[in-house]
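To start, the structure itself, in structure tokens.
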Amino acid sequence: MSGAGKRLTRDLMAARVAAEFGDGWIVNLGVGIPTRCSDFVPEDRTVVFHAENGVIGYGRNATIEEATPYVVNGGAQPVLLTPLASIVHHADAFAIIRRGLLDAAVLGAYEGAVNGDFANWRISGRKGGGIGGAMDLATGAKRVFLLLEHTTRDGRPRLLERCSLPLTASGVVTLIMTDLGLFEPTGDSFRLREIAPGFTVDEVQRLTVAPLVPAPDLREVTV
Amino acid sequence: MSGAGKRLTRDLMAARVAAEFGDGWIVNLGVGIPTRCSDFVPEDRTVVFHAENGVIGYGRNATIEEATPYVVNGGAQPVLLTPLASIVHHADAFAIIRRGLLDAAVLGAYEGAVNGDFANWRISGRKGGGIGGAMDLATGAKRVFLLLEHTTRDGRPRLLERCSLPLTASGVVTLIMTDLGLFEPTGDSFRLREIAPGFTVDEVQRLTVAPLVPAPDLREVTV
Amino acid sequence: MRSKVVSSFAEAVSGIEDGSSILVAGFGEPGTPHNLIGALYEQGARDLTLIANGAGGPRGDGVTTTGDLVAAKRVRRVLLAFTASTHPSRQTELERLHEAGGIEAQITPQGTLAERIRAGGAGIPAFYTPAGVGTEVAEGKEQRTFGGRSYLLEEAITAGYALLRCWKADTFGNLVFRRAQRNFNPIMATAADCTIVEAEEVVEAGALDPDVIHTPGIFVERVVSIPQAGGRLRVLPLMPASASARSS
Amino acid sequence: MRSKVVSSFAEAVSGIEDGSSILVAGFGEPGTPHNLIGALYEQGARDLTLIANGAGGPRGDGVTTTGDLVAAKRVRRVLLAFTASTHPSRQTELERLHEAGGIEAQITPQGTLAERIRAGGAGIPAFYTPAGVGTEVAEGKEQRTFGGRSYLLEEAITAGYALLRCWKADTFGNLVFRRAQRNFNPIMATAADCTIVEAEEVVEAGALDPDVIHTPGIFVERVVSIPQAGGRLRVLPLMPASASARSS
């Protein structure tokens, strides 16, 4: 499909998003690729990770040896606690979200649009879905970052003019990380801030169903 | 004012109310005379006392030697904890009340009426008042017991046809203990169940501004 | 006062009638009452309404899940934050039954679910929340503006039963949860008429510090000790395919 | 990350502007931030709105109360569950000012006050509650029926500041309360833009078991150690004239 480019790994995508976190930020990581972000916090920063189950102040993912039946993240996967940790119940965990204490929520998604809409809970043709905490997070967090693969398994673009799937929330997305680059929805286009090494803007544009505007300081994705 | 009768002491009133508590009951005691009830639970019963400040499972009032800055009842007076004790915060303490878990609330009052209304938060001619937890307790508890002196300091009756002061709640009172006896509001009268030793029904009726109907098994107040 | 401690999981779930509504705690593995779910499966009650975060598929390792109850067609209705797998390529029995019309499945944002249960346990009949405004979730719901922002009216949830798992319980039913075990457990305890708990350890009343108790015993009807009843104590959560896990 | 620990009560209350709204925790003596109230008294901010359970009268024993702030006419408005003494024969300065029109005093049922603060801290703009239906408290409020029962609409409370007292705090602001100290403290911590805490002991982050922390540090902006700042550590509650107390 592309020339010299190699799509970014999931770890690299997670690491690039983690580099956006500011010191002291409170951040929620969604199911899927986002939960990897807690493995890649830059060493000069303290980030307080918050999970829907009420675990506050967790850190990196646990190894098999470190895993216990007691400490899991929002993806229900074992993690370690940091010295800042505390625990609340589920209703209080979402109270924190609605109160606006989260500096960022990093969510997986099926689609993201130039107007900041996104869809991540029901795929086409299905009756049920998985809303999880995404709607609460999307309306409560100060920033909503999406972390997803740029195209579906069969090659259809996920970055769109308008979402086709049922929305999770409207106009909230501030940043989108895919395996092709880092994008900002600006209302009528995506600003391409960083691009995966070896890809051209034209190549990425062909895989995006909305105008792509390269940032003046466009550079390769680095962590 | 009366003949051979001697009004009941506050401790006797509290003890008589405490004798109404069933085994395993959850009970809230209001500011004033009611908080004495936790000193008089019959030995064959376990009563779980609940306070507005979130102290659940407290017991008798503390002596001066036993008092700590940490454990107080709903009257802000030092008490002891029982082995059943647990603590919640103020909002959860009232969640318990609204949820309907209290078998009884014992409240002080300025006035009680035959229709089950009562008034205990603002006295005549004043602008402010003290609602405290009384309105929540009155609507949430399965039974509302009033514990008050039968007349004001200047001799005016407190048991009335209708309350004259702003209401705390309507139609909720199930039992009234005064220093003259034990009364049940029945809608259009007070059923006199027990009478203070030495008093006659006529004497008590003269101090009550509503019809008094002696119970068929009327007896003297005993504990 | 009657003791709340029962000696078997079967006794713990006895009396749960056909048609009951049941809150089931847990988020992933921690705090999930697997032994009580297994006993409910054996007990046979049908036509159930389950309220939980999700209904996992059968695990195939001897641990019974709510997904097994669904697959056995014992459930008439579910209210969940996840009615489908988080992996869209894997379809669960719940999804197949839902699409075939064999079960009523209602989906709700997780925070709204948690707050509705908390409200049910707090005597609050309804409240307003921002989650879901402008989405399919808002359909049919009252929308109202406070301070220039839109909110949806959501009503309280209560149920006949709650199935919980805790770390330590005392004989009065005071409960302590360990770490992520807490999740839905304390709020579900408050919203059920009959709260049933499997505990990793049962101690005498008075042995737990009142300050560290997460659920007061006044919310709990039945307690069963997992080791004394011969239950399964440890169920490990799923491992991620993440960097640090791989590196070990 | 910047440390949250400050070294004096004066520093802890610095920046509280004239016209601020302040949540003040405590129920009776336990959990009341007497040292911070004293520092606020010295600090001089005026035209304040105080939200608390009550505003005690001056104690006359060197301990400053919110009643002292009221008496010094530093308070424009109070929202309380008690605007009068529980002993009607004793009139407080708040009552005198209120009757003379020198202060705006709003009274609310205590459970409604607590739930409004909890809602403010939980991003819930409004909820329904049964307390006060059919009373003066219901005047001007929306009344609505759910399940055949009447409820009042009540709106959330948030404030610029919260003054708290706890037993142990860590340097990240995680808080543990002892016994009846808890009361309004955890919910007020969640409802303020700036939560300020006086702690009987300050420990390093990581020294407190995450399971026993009542207020996560993410809600706390400033912590001051009472002993290190030279504050008053013990304030005993009032003794009752009850049987057991007399018998000692």
Side-chain angles (χ1 to χ4, degrees), chain A residues 21-28 41-59 68-73 79-105 133 135-142 169, chain D residues 1-5 23 114-127 156-159 162 166 168-177 182 185-195 197 202-221 223:
Chain A
F21 303 155
D23 186 42
W25 275 23
I26 305 167
V27 176
N28 182 291
V41 177
E43 281 185 13
D44 60 341
R45 289 166 230 177
T46 301
V47 175
V48 181
F49 290 106
H50 162 284
E52 293 90 319
N53 59 1
V55 176
I56 302 166
Y58 71 86
T68 78
Y70 298 111
V71 186
V72 300
N73 61 20
V79 290
L80 301 182
L81 295 181
T82 74
L84 308 182
S86 61
I87 314 283
V88 298
H89 63 52
H90 230 88
D92 283 349
F94 280 88
I96 290 166
I97 296 169
R98 283 188 307 264
R99 178 74 175 112
L101 260 61
L102 300 192
D103 294 286
M135 288 189 184
D136 304 89
L137 287 161
T139 53
K142 288 176 194 150
Chain D
M1 219 168 31
R2 198 174 50 80
S3 169
K4 295 178 180 182
V5 181
L23 295 155
E115 190 65 15
R116 289 177 65 191
I117 295 166
R118 192 265 169 193
I124 299 293
F127 61 90
I157 292 173
T158 55
C166 76
K168 292 185 181 178
D170 72 20
T171 52
F172 181 59
N174 288 311
L175 309 181
V176 177
F177 303 96
R182 205 178 309 179
N185 277 285
I187 52 174
M188 287 184 171
T190 68
D193 295 331
C194 179
T195 293
V197 186
V202 176
V203 300
E204 283 304 307
L208 300 171
D209 180 346
D211 285 333
V212 310
I213 290 167
H214 300 120
T215 291
I218 56 176
F219 287 113
V220 174
E221 274 69 35
V223 173

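Just so it is clear: chains get the letters A, B, ... in the order the sequence lines come, proteins before strands, and each one is counted from 1. Note that the coordinates shown come from a computational prediction; the quantities given were computed from them, not determined experimentally.
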With sequence neighbours excluded, residues passing side-chain contact (heavy atoms from CB on, under 4.5 Å) with D:Ala159: D:Ser21, D:Leu23, D:Ile51
Reported CG-to-CZ distance for the pair A:Leu101 and D:Phe219, which is rounded to 0.5 angstrom: 5.5 Å
Distance in Å, A:Ile26 CD1 paired with D:Ile218 CD1, rounded so as to fall on 0.5 Å steps: 4.5 Å
Atom pairs (donor, acceptor) spanning chain A and chain D, under 3.5 Å:
from, atom 1, to, atom 2, distance (Å)
A:Asp23, OD2, D:Met1, N, 3.0
A:Pro83, O, D:Gly206, N, 2.9
A:Leu84, O, D:Asn174, ND2, 3.1
A:Ile87, N, D:Pro210, O, 3.4
A:Arg98, NE, D:Ala122, O, 2.7
A:Arg98, NH2, D:Ala122, O, 3.2
A:Arg99, NE, D:Thr190, O, 2.6
A:Arg99, NH2, D:Ala191, O, 3.3

Which atoms of A:Ile97 approach chain D - backbone, side chain, both or neither, heavy atom under 4.5 Å: neither
Side chain / backbone / both / neither for A:Leu84 at chain D, heavy atoms under 4.5 Å: both
Leading residue by heavy atom contact count with chain D [cutoff under 4.5 Å; candidates A:Ala91, A:Gly24, A:Ala85]: A:Ala85
